[in-house]
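Chain letters run A, B, ... following the sequence lines, proteins first and then strands; every chain starts at 1.
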Amino acid sequence: MIITDFGYCLAPSNAVKVDKTTDWRFEKLCALESDVLKCIGCGSCTAVCSAGHFSQMNLRQCILSLSRGQWEKSVRSLSRCMLCGKCLMVCPRGINTRHLILSICRIYCPGEGGSNA
Amino acid sequence: MINKNIVIVGGGPAGLEAARTLRNAGLTPILLEGSDRLGGHLLEWDSLFPSNQKASEVLESLTADLEGIKWFTNSKVEEISRIKDIYLVRTSSGYTFQANAVLLTTGFSLFNATLKQELGYGIYDRVITNADMERYFATGEHPCIHEPKTIGFVHCVGSRDEKICNRACSKVCCATAIKQACHIKEKFPLAQVYCFYMDLRMFGRGWEDMYYNAQTKYGIRFVRGRVCEVSEGMDATLNIKAEDTLLGKPIRMKMDLLVLMSGIRPRKDTEDIASNLHIELGTDGFYSPRDPFIRTNESSNEGIFLAGTCTGPATLPETFSSARSAAARIIEYLESK
Ligand code: SF4
Ligand code: SF4
Ligand code: SF4
């Protein structure tokens, strides 16, 4: 099929439609791990992260992305986590970050080592 | 009413202002200060935001005329007891004062930054606090400040941090950081100065202008991220870790000087005084007023009044206003008796 070249094309919107992205996974996460709501996005966890120095692992960004329904990419990056717990030491809101990471994995990628909670 | 006694505990800005107001109304307040000088934290500060007025000038105008105020230094309050409507205030200097009303203006203490070990205060020489910086501005001397090329200010040290059991914001350290950042840039124009903040709380009148000038006139760089680890290199420079959260990437930097913005915490004796006087404390450890809107200067115990930062972080103008309103409230109270 020949597609007429109009000299332009339609790009998918780059905007995040936050009102359309509430999904059951995040609600389930909040119910299971209400700590996730405490994050103030300070970035301490990311700053000290043993994995973040060499990969895209960024817990702060992951938490934020999940709350905006943007989960695919951010959950994938969590596979880099070594559960070393440095993030837990520095978090000013006292979030149990390792527990949170495991809960995220259970809810967002069941069957990949995590049980289907 | 003239022969009613009022004892004010704490000779800092709030105590001095309340004493002056009561004196001007014809009363003879008794002002007790635990240390050997009147002035409280004003004695330790060089200049005040947003106008950069010297703290010593403000203190001078507060203490210029103490006529009619009975003030005592080296008089730490040891115990306050009550017999009917009279309070007996016993001091370390061996005196006991009778009072119909007691005003607590005991203030705050600055967070002890050594408790945040990961930031290296007391471990690395080039990590200093906001109080050390003020001392440096006042005296021009600090053993570790020689032509620094990169200087970092770390906001929220000892505030907004559940790890040291303080969730509260100290209210004044964002403005203090920006004031100090501009001052140090004036002293070392070639230095690169960074402020690491979580949220910039520049809510006061003229404060946003300070921020604007810091950006445009002084070229201070603002990084939205919390410094959470500091270590020292062989050459004594500091390596810091943070995330630039707006960039979304961890950052590593070398610093010649790091200034920790120690926050406002309750004094150690707050709890003792509260249990001695049966007055309530908030979850933040400061005295609670009887209600948060109207009776802000009254404690939960009749005859005991509160003013200044012993009820939580406050700016200096707020402290003065609260001292004057406490004085007005005390006069109402004594007249009703
Ligand atoms: S536990 Fe995982 S996310 Fe936290 S610092 Fe270690 S590697 Fe990074
Ligand atoms: S350290 Fe805690 S509060 Fe800060 S971004 Fe990470 S999870 Fe959120
Ligand atoms: S005033 Fe600013 S630096 Fe101070 S605790 Fe609040 S947010 Fe942090």
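- Counting only distance, with no hydrogens or angles, the side chain of B:Arg226 and the backbone of A:Val90 share a donor-acceptor pair below 3.5 Å.
- Put simply, the side chain of B:Thr245 reaches to within 4.5 Å of the side chain of A:Arg60, judged on heavy atoms.
- Taking SG of A:Cys42 as the reference point, atom CZ of B:Arg160 lies at 9.0 Å (rounded to 0.5 Å).
- Only the backbone of A:Leu88 comes within less than 4.5 Å of a heavy atom in chain B; its side chain stays farther off.
- Within a 6.0 Å sphere centred on NZ of B:Lys254, heavy atoms belonging to other residues, nucleotides or ligands number more than 12.
- Contact detail for A:Gly52 and B:Pro250: the closest heavy-atom pair is O-CG, 3.9 Å.
- Counting only heavy atoms from C-beta outward, the side chains of A:Gln61 and B:Glu243 never approach each other to under 4.5 Å.
- Counting only distance, with no hydrogens or angles, the side chain of A:Asn58 and the backbone of B:Lys249 share no donor-acceptor pair below 3.5 Å.
- No more than 12 heavy-atom neighbours from other residues, nucleotides or ligands sit within 6.0 angstrom of OH on B:Tyr212.
- Around CD of B:Gln117, the count of heavy atoms belonging to other residues, nucleotides or ligands within 6.0 Å does not exceed 12.
- Closest approach of B:Ala242 and A:Ala47 over heavy atoms only: C-CB, 3.1 Å.
- Contact detail for B:Lys163 and A:Met89: the closest heavy-atom pair is NZ-O, 3.3 Å.
- For chain B, no part of A:Cys45 is nearby; none of its heavy atoms comes within less than 4.5 Å.
- Heavy atoms of other residues, nucleotides or ligands lying less than 6.0 angstrom from CD of B:Glu318 number more than 12.
- Under a cut-off of 6.0 angstrom, the local environment of CD in B:Glu271 is sparse, with at most 12 non-hydrogen atoms contributed by other residues, nucleotides or ligands.
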Donor-acceptor list for residues 33-41 of chain A side chains, cut-off 3.5 Å, not counting sequence neighbours:
| unit_1 | atom_1 | unit_2 | atom_2 | d |
| --- | --- | --- | --- | --- |
| A:Glu33 | OE1 | A:His99 | ND1 | 2.9 |
| A:Glu33 | OE1 | A:Ser103 | OG | 2.6 |
| A:Glu33 | OE2 | A:His99 | ND1 | 3.3 |
| A:Asp35 | OD1 | A:Lys38 | NZ | 2.9 |
| A:Asp35 | OD2 | A:Asn96 | N | 3.0 |

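- Within 6.0 Å of atom CZ in B:Arg252, more than 12 heavy atoms from other residues, nucleotides or ligands are found, so the atom counts as buried in its surroundings.
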